[in-house]
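A short write-up of the structure that comes next.
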Amino acid sequence: MDKSIKTAKPKAGLLLIASPRFKNLYGPKRGTYGERKDKAVKDIKATMGFLDLVDPGIVYEREDAEKAIRLFFDEKVDFIYAEFLSWSEDFAWIRFLRDCPDIPMIFANVAKPRMTFETTLDEDDFVDYLCAGTLVGSLEGSGSIRRVPRKGVRTVMGTREEITQKVRVFADAARTRSILRKSNVGLMANMNEAMWSTYIDNYDLFTKIGPEIHYLPYSDYGTEIENLSDAEVKAYADELTSRYKMMDDVEYDKFIGCVKATLAIKKMAEKNDIDCYVYNDIDQATFRTAGCRAGFYPQWFNENVSVLVPEADIGAGLITYILKLLSGKNVNFIEPFHIENDFGTFAGGHAGPNDHNDPKWQDNVIISRDVRFAKTSWKYAGAPFAWYRISPGMKTVAGLFEEDGKYKLITFQAESLSEKDTPQSGKKHLLATYSHTIFKPTVPVKELFEQVLRIGATQHYAIVDGDYTAELEALAEIMGFEFYNIK
């Protein structure tokens, strides 16, 4: 998918409902009800500069609702922002709920700091009193949301500033949903026979989440390796060795073998328009084709707001991609290894390609032998990889799992500790073969994983800097996922 689609502003349909019977009521100081509502719309839109707005005009009549439905559908909005501008007849609203296609919606009521009138004895103040009746309008409209069932509707209340922040969160989630429905998952080239729990229903993947799945054959992978020019292999090898220290025991020919294995994956992603590349890096066919597993993470994936994950886990690939879309940051792929109860920590990380390109943490990367496969008979046994001590700081940890046709999204917060703050050891690189870190979760570590075990999951998670809990919760609500925030 073109990067511009993934980085575009969320597109919102503006559904603002007002009363036709009040429209021409006049007050000598501030004009008609309709004029006051026009000004209110300008004020609302002024708070939404982060959105690409599709505005059909205020909805007064049935025809206005029908116009809004057509416009929102034709413009392919990510979501609808709905607000009653006062009490209103609800026939247009109910028709909209019934007839509008399945588009996420946020239904908002804004609490004003105070009223503009003291009494309603003055005719002008009386019109402003009618204008101020947003609560009665919202209450009237709220029941129909339940009686005309729609998926993906979130109801919020707050000051204008609070509503704006809630809309930001919902907009990012809705935009992510839209992008997922246009995305391509590339599986190279088969499910992971060593980890059946990672299997998901690929029909449901398309119908319930959105992406198409494409199977990328090893024959094409081998062809891409063979077709690499010496110049492009040398350019990427030089880029890596200029950025990272290489350990003394790395054999250069095996390094070049791994560079080729990695570049061929980038070529496959480019040619097949892949947004989420799911790589079966422990399948024997990978080693027969490339002589090793790819151990680096081309910056192309970040430049195109795409991701590369190992071990053929589509669900883990999707949550990695989701965090990429929500954050725009470097996202890492991990599995929790073990708990050290005395310290309240757990170790986590993963072998294979992992995003080592965060410009702030290039000193955390070493080119090191992949010792797990060093004693095998494959052509480039022991080929190196980017050994990355995952950057320190508070992380959102999230996993996406399927159970009986439903999806579970589990998330929690954990701090990735720097080597200076790691109680077990002051060394930066601790676990050979794995990009890794030591985590200290905000929930006591045994309690955290007891809850995860009870929910039921697999071992793979994505992590990203910062707190994206609110966005994940909104996405789960829109998508109909079960949501578990362990806190």
Side-chain angles (χ1 to χ4, degrees), residues 1 3 6 172-173 175-177 179-180 183-188 191-192 195 197-200 205 209-211 213-214 216 262 265-266 269 274-281 294 296-336 348-358 386 388 390-391 395-402 407-414 416 434-437 439 457-469 471-472 475-476 479 481:
M1 186 194 311
K3 173 186 176 180
K6 301 178 195 175
D172 285 342
R175 183 184 68 93
T176 298
R177 169 190 176 269
I179 295 171
L180 286 170
S183 295
N184 293 318
V185 170
L187 176 62
M188 194 179 87
M191 298 290 197
N192 190 335
M195 301 174 196
S197 61
T198 63
Y199 293 1
I200 68 170
L205 169 69
I209 300 180
I213 185 164
H214 298 267
L216 308 177
T262 302
I265 284 177
K266 186 193 83 165
I274 300 302
D275 304 291
C276 176
Y277 199 113
V278 182
Y279 169 44
N280 194 342
D281 64 318
F296 301 102
Y297 196 100
Q299 180 63 5
W300 178 91
F301 286 96
N302 289 315
E303 291 169 352
N304 288 276
V305 197
S306 300
V307 296
L308 164 65
V309 301
E311 291 196 347
D313 189 338
I314 294 172
L318 285 173
I319 195 64
T320 304
Y321 184 45
I322 285 167
L323 284 182
K324 185 71 175 179
L325 294 173
L326 290 173
S327 70
K329 300 176 182 177
N330 301 88
V331 183
N332 288 109
F333 181 100
I334 70 158
E335 60 189 19
H350 212 277
N354 219 323
D355 189 357
H356 53 81
N357 295 290
D358 189 331
Y388 178 40
I390 294 171
S391 63
K395 311 282 186 182
T396 295
V397 185
L400 183 64
F401 315 101
E402 186 179 29
Y407 296 91
K408 299 182 286 188
L409 201 165
I410 301 173
T411 188
F412 58 88
Q413 297 291 301
S416 170
Y434 299 93
S435 292
H436 63 280
T437 189
F439 291 97
T458 69
Q459 73 272 37
H460 292 150
Y461 298 82
I463 64 169
V464 70
D465 286 337
D467 187 351
Y468 289 88
T469 306
E471 289 83 356
L472 291 172
L475 180 65
M479 301 291 289
F481 299 162

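No experiment lies behind these values; they were computed from the predicted model shown. In this chain, numbering begins with 1 at the start of the sequence shown.
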Who pairs with [X] by ring-ring contact (aromatic ring centres under 6.0 Å, His included), at least two apart in sequence or on another chain?
X: Tyr277; result: none
X: Tyr468; result: none
X: His460; result: Phe333, His350
X: Phe412; result: none

Which residues pass the side-chain hydrogen bond (donor to acceptor under 3.5 Å, both in side chains) test with [X], sequence neighbours left out?
X: Thr396; result: Gln413
X: Lys266; result: none
X: Thr198; result: none
X: Ser435; result: none

What are the two closest non-hydrogen atoms of [X] and [Y], and how far apart are they?
X: Pro353; Y: Pro310; value: O-CD, 4.1 Å
X: Ala398; Y: Leu409; value: CB-CD2, 4.5 Å
X: Val331; Y: Val464; value: CG2-CG2, 4.0 Å
X: Ser306; Y: Ile274; value: OG-O, 3.9 Å
X: Ser197; Y: Gln459; value: OG-OE1, 4.4 Å

With Asp172 via salt bridge (charged side-chain N to carboxylate O under 4.0 Å, His left out) - residues at least two apart: none
Salt bridge (charged side-chain N to carboxylate O under 4.0 Å, His left out) against Asp355, all qualifying residues, sequence neighbours excluded: none
Phe401: which of Tyr199, Phe481, Tyr461 passes ring-ring contact (aromatic ring centres under 6.0 Å, His included): Tyr461
Modelled atom types, side-chain donor and acceptor of Ser183 and Lys6, under 3.5 Å: no
Taking side chain as C-beta onward, heavy atoms only, is [X] less than 4.5 Å from [Y]?
X: Asn302; Y: Tyr297; answer: yes
X: Leu180; Y: Ile322; answer: yes
X: His214; Y: Leu187; answer: no
X: Met1; Y: Asn184; answer: no

Residues Leu308, Phe301; criterion side chain to side chain contact (heavy atoms under 4.5 Å, CB included); working and verdict: CA-CA 7 Å; Leu308 164 65; Phe301 286 96; 4.0 Å; yes
Rounded to the nearest 0.5 Å, how far does [atom2] of [Y] lie from [atom1] of [X]?
X: Asp465; Y: Leu323; atom1: CG; atom2: CG; answer: 11.0 Å
X: Ile213; Y: Leu205; atom1: CD1; atom2: CG; answer: 6.0 Å
X: Leu475; Y: Ile209; atom1: CG; atom2: CD1; answer: 9.0 Å
X: Ile200; Y: Ile314; atom1: CD1; atom2: CD1; answer: 4.5 Å
X: Lys324; Y: Cys276; atom1: NZ; atom2: SG; answer: 12.0 Å
X: Asn357; Y: Tyr388; atom1: CG; atom2: OH; answer: 9.0 Å

Donor-acceptor contact present, side-chain [X] to main-chain [Y], <3.5 Å:
X: Thr411; Y: Val397; value: yes
X: Asp281; Y: Glu311; value: yes
X: Ser416; Y: Ser391; value: yes

Residue among Ile265, Leu216, Asp313 satisfying side-chain contact (heavy atoms from CB on, under 4.5 Å) with Tyr279: Ile265
By side chain to side chain contact (heavy atoms under 4.5 Å, CB included) - contacts of Ala386 (at least two apart):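 Side chain to side chain contact (heavy atoms under 4.5 Å, CB included) check on Ala386 returns Phe296, His356, Val365.
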